[in-house]
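Computed over heavy atoms, backbone and side chain alike; hydrogens, waters and symmetry mates excluded. Ligands are counted one by one from 1 in listed order, and the atoms in each one are counted from 1 as well.
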Amino acid sequence: MTVDKWWKTAVVYQIYPRSFQDFNGDGIGDIQGIISRLDYLEELGIDVIWLGPIYKSPMDDNGYDISDYTDISPDFGTMTDFDELLAEAGKRKIKIVMDLVVNHTSDEHNWFKQALKSKDNPYRDYYIWRDPINDSEPNDLKASFGGSAWEYEPNSGQYFLHLYSKRQPDLNWENPTVRKEIWKMMNFWLAKGIGGFRLDVIDHIGKDPDKKIVQNGPKLHEYIQEMNRNTFGKYDVLTVGETWGATPEEGIKYSSPARNELSMIFQFEHILLDQQSDDSKWDLKKIDLLDLKRVLAKWQIEMKDEGWNSLFWNNHDTPRIVSRWGNDETFRVESAKMFAILLHMMKGTPYIYQGEEIGMTNRVLSSFDELNDIESINIATALRNEGWQDEKIFQAINAKGRDNARTPMQWNADMHAGFSTVSPWLPVNPNKEWINVQEERNKEDSIFNCYKKLIKIRKNNPIIVVGEFKLLLEDDPFVFAYERNLADETWVVVANFSSADQEVSVWDDTDIYTPILANYGDRNYRLDDLKLRPYETIVIKK
Ligand code: NOJ
């Protein structure tokens with residue numbers, strides 16, 4: 001196996017623009033802020049920025065509700081700022097991957113405003129309309145942010161479909177004119193020289209709402225292939241599809257080069273393991289390491305050499321991993337590094353979510369007026385109506401809510417963490433006093449420096465990119481260990497996924513192997529008799 005695509009060796013850094021860096025002093029992150037931090041990203045060593053949506057939007061869902069696909073929200077700046085970002089990033093060999101949100105638009109998009117005018121308006125069929133059935137919703141499809149996925153529109157007496165908030169009407173992909181409009185818009189961005197697209201909830205397109213099929217619908221792959229042919233297929237770019245419910249078999253369909261669809265997928269099977277069932281995000285369950293190992297190993301192996309996967313622990317929709325499955329108090333540094341090493345030594349393209357590289361944590365909320373995210377607000381209200389006690393509601397929201405990952409980036413210990421000169425749109429986590437970029441950059445053994453090393457190691461060692469993966473100690477409930485193999489080279493990663501010491505034997509020979517990286521400082525290791533301290537993680541070469 002050789003590395004045939006640049007994005008297989010690349011490391012992606014996700015920026016949530018609202019929370020990364022405020023430059024103009026309005027408490028909201030912006031494009032000039034990002035430009036001012038490009039040197040930092042270059043120092044970290046990343047190759048690609050996945051830029052969250054910066055388009056014009058009423059911000060009902062922080063930009064995932066777009067009212068103009070070819071204009072920039074004044075919250076973030078102007079098109080001139082964007083062009084400058086592209087040029088400045090390019091100088092540092094960093095590519096910009098845009099967030100493409102085309103399952104739905106904002107209800108303030110001109111297409112929807114036109115569609116509302118009358119049933120025979122040419123834009124009506126850009127969206128999905130149905131007559132009532134028995135004076136009620138066409139069926140019981142639910143929206144991700146709570147309630148029915150159908151919203152009644154009184155002037156026409158019809159319902160329109162919205163899989164997210166009612167201010168995010170779903171586009172009708174069956175309509176060829178809609179598809180052409182989207183290709184045109186994508187080509188507008190590609191012509192500027194962007195590095196690709198992250199395709200928001202792309203598994204919804206091709207849906208059949210009448211049969212209640214909203215994921216992996218019958219036309220999904222046909223539409224993606226058509227998109228590839230008409231847009232990015234002509235460019236050497238990275239495309240990554242957000243595919244919540246994909247299986248490895250589906251993953252291969254999306255990303256096998258022979259099928260001309262996407263570069264890779266971004267799937268969540270491992271992330272859904274700490275809930276009672278697939279559709280019960282707020283019903284908490286403790287993570288079981290055996291499940292986690294099984295799922296991650298399955299994806300490593302079953303994508304074979306045909307499909308390509310993203311590697312990630314967190315993003316703007318999920319809690320911070322160090323708080324979620326690590327220990328963000330006593331062993332924050334050790335567990336943050338453990339997660340980094342475990343992930344970055346696997347096969348796939350790693351994604352770092354802003355702040356993860358300095359071990360940022362969840363921020364604990366305790367009252368309704370602290371909630372900002374539309375999903376948390378809706379769910380808290382719904383759970384209260386279902387009779388949940390506030391204590392249990394906040395336990396769930398503090399564990400899973402999306403505001404956790406969206407607190408401003410902690411650059412230094414100043415009043416607003418160096419993020420802004422004024423009070424930010426979402427409060428800074430008070431632990432910015434000791435968790436911040438300035439501190440991390442200064443310390444040789446910091447989490448930041450661990451990420452830096454991992455990125456460098458990946459670039460110089462194809463074994464990480466394309467080597468075979470083998471899970472070790474499958475039944476050990478506390479230790480996560482695996483092997484990577486390429487030609488006659490073998491690397492082993494062993495991690496203590498717990499706050500207690502663990503003793504293991506990985507192999508039964510008594511040799512000492514070459515250490516590559518460890519989170520407790522370098523030392524030599526014998527793999528027949530390992531004593532691992534809390535979250536201790538080592539990578540060695542045979
Ligand atoms: C997935 C995005 O990551 C999330 O933030 C958004 O709310 C939904 N898609 C709807 O666009």
*Name the closest protein heavy atom to atom 7 (O) of ligand 1, giving the residue it belongs to and the distance to 0.1 Å.*
Asp61 OD2, 2.5 Å
*asked:* So, 4.0 Å and heavy atoms of Arg198: is ligand 1 close enough to count as a contact?
replied: yes
*For ligand 1, is any non-hydrogen atom under 4.0 Å from Tyr16's backbone (N, CA, C, O), its side chain (CB onward), both, or neither?*
neither
_Ligand-residue contact atoms, ligand 1 with Asp317, heavy atoms, under 4.0 Å_ = 1 (C), 2 (C), 3 (O), 4 (C), 5 (O)
_Closer than 4.0 angstrom, basic N to acidic O: yes or no for Lys281 and Glu375?_
yes
*Numbering the atoms of ligand 1 from 1, which are under 4.0 Å from a heavy atom of Arg402?*
4 (C), 5 (O), 6 (C), 7 (O)
*Search all heavy atoms of Ile34 against all heavy atoms of Ile15 and return the closest pair with its distance.*
CG2-CD1, 3.7 Å
*NZ/NE/NH1/NH2 to OD/OE distance under 4.0 Å, Asp71 and Lys56*: yes
*Arg406: numbered ligand 1 atoms lying under 4.0 Å from its heavy atoms*: 5 (O)
*N/O separation below 3.5 Å, Tyr164 to ligand 1*: no
*asked:* One residue to check: Glu375. Relative to ligand 1, which of side chain, backbone, both or neither has a non-hydrogen atom less than 4.0 Å away?
replied: neither
_Atom indices of ligand 1, in the order listed, that fall short of 4.0 Å to a heavy atom of His104_ = 10 (C), 11 (O)
*Between Asn103 and Asp170, does any side-chain donor sit less than 3.5 Å from a side-chain acceptor?*
yes
*Which ligand 1 atoms, with their elements, are less than 4.0 angstrom from a heavy-atom of Phe145?*
7 (O)
*What class does the angle between the rings of Phe268 and Phe312 fall in, given that below 30° is parallel, 30 to 60° is tilted and above 60° is perpendicular?*
perpendicular
*Top protein contact for atom 2 (C) of ligand 1, by heavy-atom distance*: Asp200 OD1, 3.1 Å
*Are Arg167 and Glu151 within salt-bridge range, i.e. N to O under 4.0 Å?*
no
*Is it the side chain, the backbone, both or neither of His204 that has a heavy atom closer than 4.0 Å to ligand 1?*
neither
*Do the charged groups of Glu261 and Lys253 touch, with an N to O distance under 4.0 Å?*
no
*asked:* Could you walk me through whether Asp291 and Arg294 satisfy the salt bridge (Lys or Arg N to Asp or Glu O under 4.0 Å) test, starting with their C-alpha distance in whole Å, then the side-chain angles of each, then the deciding distance to 0.1 Å, before giving a yes or no?
replied: CA-CA 5 Å; Asp291 288 341; Arg294 178 182 47 78; 3.4 Å; yes
